Structure formats: structure tokens, C-alpha cells
Amino acid sequence: MKTLVFLVTALMITAATLVRAEEPPRTIQVSGQAQVQAEPDQALINLGVTNEAATAAEAMDATSQALAEVIARLKDQGVEARDIQTQQVSLHPIWSQKVDKSTGQNRNHITGFSASNILAVRVKDMDKLGVILGEVVGDGVNDFQGLRFLVQDPKPLVDQARADAVKDAMDRAQQLAEAAGVKLGDVLSISENSVQPYARGANARFAAMESAAVPIEVGEISYQSTVSMVFVIGQ
């Protein structure tokens with residue numbers, strides 16, 4: 001009988017130990033954020049030429065001639081051929097409504113053609129950016145589709161933002177543990193939600209001018225990192 005009681009007690013203790021072992025650890029979950037700023041050192045511009053004419057050939061010829069002058073101007077200003085890329089070439093009819101004399105109803109007719117050629121241009125000499133934009137307008141550019149400021153080597157900025165975000169998360173976890181009167185244990189998991197660059201205060205003002213430099217304000221680019229971390233609450 002004593003042996004049976006001992007075995008039952010031992011089984012109960014073992015079962016209780018297993019239940020406790022299967023309980024998930026108590027944790028502290030936090031997120032950390034950080035931003036690192038830098039001045040852009042290059043610009044990516046989408047610019048082009050659009051012309052309308054009575055025939056498709058005339059519209060495309062006018063656009064091609066103007067764009068050839070634009071490309072020559074860019075190269076004269078030190079933009080390398082590898083930093084100039086055609087993004088879009090389009091040619092489409094221009095429709096308008098006219099009264100059909102035979103029916104008296106309005107009908108669509110082709111009254112001309114529009115040709116467009118858009119380039120993506122990377123400018124690495126930021127001191128020349130405003131001058132380049134002003135000069136290409138004088139050469140025939142009449143279509144600006146976007147301007148973005150970039151950093152040629154963003155990796156050090158991304159690395160710094162990531163490291164600062166982890167430090168921010170660890171600081172927050174430590175503060176929570178101290179406020180709760182517990183010890184902060186080991187890191188259970190860590191994940192990065194995002195590293196995103198965004199421009200702050202960067203803009204360009206394009207005006208209807210011939211060759212005057214376009215005023216540019218490059219501002220700063222910020223690289224923001226967000227991480228999530230889970231810590232075990234220590235014993």
C-alpha cells in the first residue's frame with residue numbers, strides 16, 4: 001500500500017512539473033524606431049518632349065529632334081550616357097468631333113497626332129542640377145514627370161537606422177521591466193518591420209523660362225527603421 005501511495009504521489013509531482021514546463025514564458029513585447037538623416041547627393045528626373053502636328057511623322061520628327069538636343073545638352077553638362085535612359089515613347093492620334101454633313105451627327109475625327117519621348121536622367125553633380133533643368137527647358141523639354149532625390153550609397157544610413165531602432169527597443173523594454181519591478185531576460189525574437197527612405201523638405205520649382213537656372217531645394221532624406229522585439233521576463 002505504501003508503495004502504491006508513493007507511486008501515485010510521484011506521478012502527481014511529475015505531471016505538475018510537466019504542466020509548468022509547458023507554460024509559455026512571460027514576455028515583454030516592444031517596438032523601436034529610429035531615423036537617420038542625410039543630404040541627397042544625386043537626383044533622378046523624368047523629363048521629356050511632347051509635340052503635336054498634323055501627321056504622325058511630323059509630330060515624331062519634331063519630338064526626336066528636340067530630344068536629341070536635350071540629350072546632347074545633358075552630356076555637355078557631364079551627365080554620363082549610362083545615366084540617361086528612355087522610359088517611354090508614345091504616339092497617338094488627337095481626336096475631335098465634327099458634324100457629319102451626310103447624317104448631321106457628331107462623329108470623331110483624327111485632327112492630328114501627338115508624339116512624346118520621356119527620359120529618366122540621373123544627375124550626380126547636385127551643383128549643376130538647377131542649371132541643367134533650366135537649360136533643357138530652353139532646348140525643348142516641356143514635360144516634367146517627376147523629381148526624386150537619392151543617396152548614392154544608402155547602406156551606412158540604413159545600417160545606422162536599424163541599429164538605433166534596436167537600441168530604442170531595448171531601452172523601452174528595460175524601462176518597462178524596471179517599472180514593473182521585474183528583470184529583463186534574454187531576447188526571444190526580433191523582427192524588422194521596415195526600412196523606408198523618404199524625402200523631407202525636398203522639392204523643385206519649375207517655371208516657364210528659357211535657360212535660367214531652376215531654383216532647387218534638396219532638403220534631407222531620412223531613413224526610418226522599425227523593429228519589434230520580444231524579451232523574456234527574467235527570474
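Predicted model, so just to flag it, every value in this text is computed and none were measured.
- If you take CD1 on I28 and CZ on F231, they are separated by 8.5 Å, rounding to the nearest 0.5 Å.
- Between D159 and R162 a salt bridge is recorded (basic side-chain N to carboxylate O distance below 4.0 Å).
- One finds the OG atom of S96 at 9.5 Å from the CD1 atom of I110 (value rounded to the nearest 0.5 Å).
- No more than 12 heavy-atom neighbours from other residues, nucleotides or ligands sit within 6.0 angstrom of CG on D186.
- Contact between F113 and A54 at its shortest, heavy atoms only, is CD1-O, 3.6 Å.
- When all heavy atoms of R26 and G234 are compared, the pair lying nearest together is NH2-O, 4.4 Å.
- Heavy-atom contacts from other residues, nucleotides or ligands closer than 6.0 Å to CD of E39 number 12 or fewer.
- Between T55 and E58, the closest side-chain pair of non-hydrogen atoms falls below 4.5 Å.
- For the pair Q77 and K128, the tightest heavy-atom approach, listed with the atom from each and the gap, is O-NZ, 3.2 Å.
- Side-chain atoms of E69 and Q65 include no donor-acceptor pair closer than 3.5 Å.
- Hydrophobic clustering (side-chain heavy atoms under 4.5 Å, transitive across Ile, Leu, Val, Met, Phe, Trp, Tyr) keeps V230 apart from V227.
- The closest side-chain donor-acceptor pair between N193 and S228 falls under 3.5 angstrom.
- Within the 4.5 Å cutoff, the side chain of V214 has heavy atoms near those of the I216 side chain.
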Side chain to side chain contact (heavy atoms under 4.5 Å, CB included) between N46 and R148, intermediate numbers included: CA-CA 9 Å; N46 287 335; R148 289 194 300 131; over 6 Å; no
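- From N117, atom CG reaches atom OG1 of T50 across 9.0 Å, with rounding to the nearest 0.5 Å.
- Counting heavy atoms of neighbouring residues, nucleotides and ligands inside a 6.0 Å radius, atom CE of M126 exceeds 12 of them.
- Atom-to-atom distance recorded for R73:CZ and E135:CD is 4.5 Å, nearest 0.5 angstrom.
- Note on V79: it clusters hydrophobically with V136, by side-chain heavy-atom contacts below 4.5 Å among ILVMFWY residues.
- At least one side-chain heavy atom of F144 sits less than 4.5 Å from a side-chain heavy atom of I45.
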Check against side chain to side chain contact (heavy atoms under 4.5 Å, CB included), Q174 and L176: CA-CA 5 Å; Q174 186 62 50; L176 291 174; over 6 Å; no
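- Hydrophobic clustering (side-chain heavy atoms under 4.5 Å, transitive across Ile, Leu, Val, Met, Phe, Trp, Tyr) keeps L157 apart from L150.
- Between the side chains of Q33 and Q35, not a single donor N or O lies within less than 3.5 Å of an accepting N or O.
- Counting only heavy atoms from C-beta outward, the side chains of Q42 and R122 approach each other to under 4.5 Å.
- Taking 4.5 Å as the limit, every side-chain heavy atom of V121 sits out of range of all side-chain heavy atoms of L44.
- For the pair D153 and P156, the tightest heavy-atom approach, listed with the atom from each and the gap, is O-CD, 3.4 Å.
- Atom CZ of R172 sits in a crowded spot, with more than 12 heavy atoms from other residues, nucleotides or ligands closer than 6.0 Å.
- Within the 4.5 Å cutoff, the side chain of T86 has heavy atoms near those of the L119 side chain.
- Of all non-hydrogen atoms in A177 and K183, the two that sit nearest each other are CB-C, 4.4 Å.
- The two residues M229 and A169 make their nearest non-hydrogen contact at SD-CB, 3.6 Å.
- Summarising the geometry, atom CG belonging to N51 is positioned 11.5 Å from atom CG belonging to L91; distances are rounded to the nearest 0.5 Å.
- When only modelled atom types and interatomic distance are considered, Q37 and S222 share a side-chain donor-acceptor pair under 3.5 Å.
- When side chains are defined from C-beta on, Q88 does not count as touching S116, because their heavy atoms never get closer than 4.5 Å.
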Criterion side chain to side chain donor-acceptor pair (under 3.5 Å) on D164 and Q160, from CA distance to verdict: CA-CA 6 Å; D164 290 349; Q160 186 62 55; 2.8 Å; yes
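- Distance check, rounded to the nearest 0.5 Å: CD of E80 to CG of L74 gives 12.5 Å.
- Side-chain atoms of T63 come within 3.5 Å of backbone N or O of A115 as a donor-acceptor pair.
- Both L147 and V49 sit in one connected hydrophobic cluster of ILVMFWY residues. Membership requires side-chain heavy atoms under 4.5 Å apart, directly or through other members.
- Neither I94 nor V89 shares a network with the other; the hydrophobic side chains, linked directly or stepwise wherever heavy atoms of I, L, V, M, F, W or Y lie under 4.5 Å apart, form separate groups for each.
- One finds no salt bridge joining D41 and K124 here, because no Lys/Arg side-chain nitrogen approaches an Asp/Glu carboxylate oxygen to under 4.0 Å.
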